[in-house]
Protein chains: 2
Amino acid sequence: MALSKAEIERRMERMARTCRDGGLKLTHQRMEVFRELAGAEDHPDAETIYQHVRRRVPAISRDTVYRTLATLEEQGLIHKAEILSSRGRYDANMDHHHHFICTACGRVHDFYSRTLDDLPIPRSVASFGRVESAQVQLRGICTSCAKTKE
Amino acid sequence: MALSKAEIERRMERMARTCRDGGLKLTHQRMEVFRELAGAEDHPDAETIYQHVRRRVPAISRDTVYRTLATLEEQGLIHKAEILSSRGRYDANMDHHHHFICTACGRVHDFYSRTLDDLPIPRSVASFGRVESAQVQLRGICTSCAKTKE
DNA sequence: TCTCTAAACAAGAATAATTCCGATTCAGGA
DNA sequence: TCCTGAATCGGAATTATTCTTGTTTAGAGA
């Protein structure tokens, strides 16, 4: 079940409005990168987006795709999923725990919660596959980053 | 509050036992990489671990650190946090949602849950900082990967 | 204890994702 | 239409990670 044309158009319009409000130019490239994501449901990566948009905008560069994705994320128009930083982070704490991630400095704090260890998984998820683990990720600003910002 | 010597030793012993059981050699390098993580609470990345271990084992190579971390993770002795794959994944769905991630193929499925949108955050987290968003990550094997494995 | 061998290691080259840089183009306001 | 700063292009640079080749070594067995 792909997204409806109407939904895509709604997203395109919101994007155009946000860009205008933010003083960002509505370039052909920017719109096509967003259109690609607005119609996708499979969380594509930058390279995939680049390859698809290139069919419509042959001269577009990878750099533009990367820059545009970063800009759109800043504007709150898209999400970048899963990645904390470009580096993997390791941890020898094998007790079941959850993470608080500071979006400013990238620091990760573990925390524990019996309630969160045993989350109610919606029945609909079963259609995706078998769940093997569940973890809560909190994002925010840590106390030391909050201090330095003031 | 650093980890107690006793806890570190407990982890070291478990590591030694696991290696022996798995037919893995207890090399100096392997033990020092694990010791570094066993005593750390800050989720260091591979480069940081390399720099620290190097002070004790000057000739160790980055490759060994990377290989050892992968081996330790396979053995269930450490966690690799946050990273799904090496590529960022993008998403124009800005409604609050959660993720089911297939650990075999890396595919990501969105799902929705009012209950999960409003998780009870433990009071202790407040000491880390201000929480701005909460998201549940489920990991497992998706139906299509489960099929091809049979 | 000594020997042997597969497993593990070191060093640096290779790869992959992403970002930077200098030159060029263009969106949108005047 | 003209102008200017923002955005783009193309390729080089950077960063994290993995691979390759030759060397070392843990630990099994004599």
Side-chain angles (χ1 to χ4, degrees), chain A residues 12 15-36 43-75 77-78 80-90 106, chain B residues 12 15-36 43-75 77-78 80-90 106:
Chain A
M12 289 302 298
M15 181 259 182
R17 202 177 334 120
T18 307
C19 284
R20 272 193 297 269
D21 292 355
L24 296 172
K25 291 183 178 173
L26 272 172
T27 65
H28 184 41
Q29 294 90 335
R30 206 166 258 173
M31 285 192 284
E32 289 309 314
V33 168
F34 184 77
R35 188 191 306 283
E36 188 60 36
H43 305 72
D45 57 40
E47 180 67 19
T48 305
I49 295 166
Y50 168 67
Q51 293 299 346
H52 284 204
V53 173
R54 208 148 76 106
R55 302 210 272 252
R56 283 173 274 138
V57 190
I60 198 168
S61 73
R62 275 191 183 79
D63 187 49
T64 297
V65 172
Y66 280 101
R67 251 185 310 97
T68 302
L69 290 171
T71 306
L72 293 173
E73 201 197 1
E74 268 168 36
Q75 298 299 316
L77 287 163
I78 63 171
K80 180 170 185 178
E82 309 313 322
I83 299 294
L84 209 210
S85 71
S86 48
R87 298 170 164 199
R89 303 286 294 260
Y90 295 88
Chain B
M12 289 302 297
M15 183 258 184
R17 201 177 334 120
T18 307
C19 285
R20 273 194 294 270
D21 291 356
L24 297 173
K25 292 182 178 172
L26 272 172
T27 64
H28 183 42
Q29 294 90 334
R30 205 165 259 173
M31 285 192 284
E32 289 308 314
V33 167
F34 184 76
R35 187 190 307 283
E36 187 60 36
H43 304 72
D45 56 40
E47 180 67 19
T48 306
I49 295 166
Y50 168 66
Q51 294 298 347
H52 286 203
V53 173
R54 210 147 75 105
R55 303 211 271 250
R56 282 173 275 137
V57 191
I60 198 169
S61 73
R62 277 192 182 78
D63 186 50
T64 296
V65 172
Y66 278 102
R67 251 184 310 99
T68 302
L69 290 171
T71 307
L72 293 173
E73 201 197 1
E74 269 169 35
Q75 299 298 317
L77 288 163
I78 62 170
K80 180 169 185 178
E82 307 314 324
I83 298 294
L84 210 210
S85 70
S86 49
R87 298 170 162 200
R89 304 285 295 259
Y90 295 88

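By convention in this document, chain letters (A, B, ...) are assigned in the order of the sequence lines, proteins followed by strands, and residues within each chain are numbered from 1. No experiment lies behind these values; they were computed from the predicted model shown.
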Length of the NE2-P vector between B:His28 and C:dA7, whole Å: 22 Å
Phosphate contact (C:dC26 OP1 or OP2) by A:Thr27 side-chain N/O below 4.0 Å: no
Interatomic distance, B:Gln75 CD vs C:dA8 C1' [rounded to whole Å]: 14 Å
d(CZ, B:Phe34; P, C:dA8) in whole Å: 17 Å
Interatomic distance where CD belongs to A:Glu47 and P belongs to C:dT15 [whole Å]: 16 Å
Approximate separation, where rounding is to 0.5 Å, of A:Leu72 CG and A:Glu74 CD: 9.5 Å
Atom-pair distance (CD on A:Gln51; P on C:dA17), nearest Å: 11 Å
Separation of B:Leu69 CG from B:Phe34 CZ (nearest 0.5 Å): 11.0 Å
Integer-rounded Å distance: C:dC26 C1' and A:Gln29 CD: 9 Å
Point-to-point distance, once rounded to the nearest 0.5 Å, from CD of A:Glu32 to CZ of A:Arg56: 4.5 Å
Residues from residues 54-72 of chain B lying under 4.0 Å of DNA chain D - heavy atoms: B:Asp63, B:Tyr66
Given B:Ile60, B:Thr68, B:Val65, the one that forms side chain to side chain contact (heavy atoms under 4.5 Å, CB included) with B:Gln29: B:Ile60
A:Thr18-A:Asp21 side chain donor-acceptor pair, cut-off 3.5 Å: no
Between CZ on residue A:Arg30 and NE2 on residue A:His28, distance to nearest 0.5 Å: 13.5 Å
Distance (rounded to the nearest 0.5 Å) between B:Met12 CE and B:Leu77 CG: 10.5 Å
Length of the line joining A:Arg20:CZ and C:dG29:C1', which is rounded to integer Å: 14 Å
Tabulate atom names and distances for all N/O pairs under 3.5 angstrom spanning the protein and nucleotides 4-6 of chain D.
from: D:dG5; atom 1: N2; to: A:Lys25; atom 2: NZ; distance (Å): 2.5

Minimal non-hydrogen separation, A:Tyr66 against A:Ala46, with atom names: CE2-CB, 3.5 Å
A:Gln75 side, atom CD; A:Met15 side, atom CE - distance, nearest 0.5 Å: 9.5 Å
Length of the line joining B:Glu73:CD and D:dT17:P, which is rounded to integer Å: 12 Å
